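Worksheet for the structure shown next.
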Amino acid sequence: MNEDVFNTSLRRFLKKVGITSQREIERSVRDALASGRLKGHEKLPAKMVLTIGGLSLSHEIDDEIELG
């Protein structure tokens, strides 16, 4: 295995996950605020599930996102 290629590819994947996830969450929260489904002070439960094909990897992260 080429460590440099692996590390670069992994970092690129994680950057993509982080950026796209943040955009989707922000868009959804703004839409919910605009429609009145959220008031702006909630704590929203959040879960991220990571799976990797070819590996027996399934990793879950549970947390909450606080709006204010």
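This structure is a prediction, so every number in the text was calculated from the model and none was measured.
- Ion pairing between a basic and an acidic side chain is recognised when a charged N comes within 4.0 Å of a carboxylate O; Arg27 and Glu24 show such pairing.
- Judged purely by atom type and a 3.5 angstrom limit, Thr20 uses its side chain to pair as donor or acceptor with the backbone of Lys16.
- Here CG of Leu44 is found 11.5 Å from CG of Asp63. Values are rounded to the nearest 0.5 Å.
- Going from atom CZ of Arg37 over to atom CG of Asp31 covers 7.0 Å, rounded to the nearest 0.5 Å.
- One hydrophobic cluster, built from ILVMFWY side chains closer than 4.5 Å, holds both Leu67 and Ile25.
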Quick one: do Val17 and Phe13 satisfy side-chain contact (heavy atoms from CB on, under 4.5 Å)? Show the steps, please.
CA-CA 6 Å; Val17 167; Phe13 171 75; 3.6 Å; yes
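- Between Lys39 and His41, the shortest heavy-atom distance links the atoms CB-NE2, 3.4 Å.
- Linking Ile, Leu, Val, Met, Phe, Trp and Tyr whenever their side-chain heavy atoms come within less than 4.5 Å puts Leu55 and Leu10 in one cluster.
- In this structure, Glu26 places its CD atom where more than 12 heavy-atom neighbours from other residues, nucleotides or ligands lie under 6.0 Å away.
- At a threshold of 4.5 Å between side-chain heavy atoms, the hydrophobic network of Ile, Leu, Val, Met, Phe, Trp and Tyr places Ile65 and Val49 in two separate groups.
- Ser21 and Met48 get closest at one heavy-atom pair: OG-CE, 3.6 Å.
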